Amino acid sequence: MNVTVEQLTEKLKILPENFLERIWGYIDGLSEEIDPEIPEWQKNEVRDSIAEYKKNPDSAHDLEDVIREIEEEL
């Protein structure tokens, strides 16, 4: 389905204001998904984890084991 900005605008003009706020939130959320910015601290954490893994590959944990341990603690 091809929808134009003009068609969307016409539909939006007839909606109640509370709908527009909800739609704005939805569009805003979609915009964040398109080009998410990854914080520098998070990039550094991943770099550190990779470096640690390369030094000692046996130190890695199985994800399923980690999830199981977390679930047991909850």
Side-chain angles (χ1 to χ4, degrees):
M1 177 175 175
N2 294 328
V3 179
T4 66
V5 173
E6 290 79 17
Q7 290 171 314
L8 286 173
T9 302
E10 288 304 311
K11 292 279 187 181
L12 291 171
K13 286 179 182 178
I14 61 173
L15 291 176
E17 190 170 323
N18 64 326
F19 278 51
L20 295 176
E21 292 171 3
R22 290 171 52 194
I23 291 168
W24 180 259
Y26 178 72
I27 292 171
D28 198 38
L30 289 175
S31 299
E32 291 175 6
E33 290 179 19
I34 291 172
D35 188 21
E37 280 192 38
I38 299 172
E40 198 59 38
W41 69 265
Q42 198 168 21
K43 293 177 188 177
N44 291 334
E45 287 290 320
V46 172
R47 288 183 191 113
D48 292 346
S49 294
I50 291 170
E52 190 62 36
Y53 173 77
K54 286 181 178 179
K55 283 193 263 180
N56 185 8
D58 294 334
S59 68
H61 299 281
D62 182 64
L63 181 58
E64 290 184 19
D65 291 342
V66 173
I67 292 172
R68 189 177 322 102
E69 287 178 23
I70 291 171
E71 288 174 343
E72 288 173 0
E73 290 180 12
L74 295 178

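Given the structure is predicted, the values throughout are model-derived calculations rather than measurements.
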Got a second to check how far I23's CD1 is from D28's CG, nearest 0.5 Å? 13.5 Å
How many angstroms lie between CD in E10 and OG1 in T4, if you round to the nearest 0.5 Å? 9.0 Å
Presence of salt bridge, R47 and E40, under 4.0 angstrom: yes
Separation of K54 NZ from E52 CD (nearest 0.5 Å): 12.5 Å
Could you list who else is in V66's hydrophobic cluster, with ILVMFWY side chains joined at under 4.5 Å, directly or through other members? I70, L74
Does I27 belong to the same Ile/Leu/Val/Met/Phe/Trp/Tyr cluster as L12, with side-chain heavy atoms less than 4.5 Å apart forming each link? yes
Flag if over 12 foreign heavy atoms under 6.0 Å of CD, E64: no
When rounded to the nearest 0.5 angstrom, what is the spacing between CD in E17 and CG in L20? 7.0 Å
Output for pair (D62 CG, I67 CD1), nearest 0.5 Å, gives 9.0 Å
Taking only residues two or more places apart in sequence, or in another chain, which ones meet R68 in a salt bridge (Lys or Arg N to Asp or Glu O under 4.0 Å)? D65
Connecting only ILVMFWY residues whose side-chain heavy atoms lie within less than 4.5 Å of each other, what is the rest of Y53's hydrophobic cluster? none
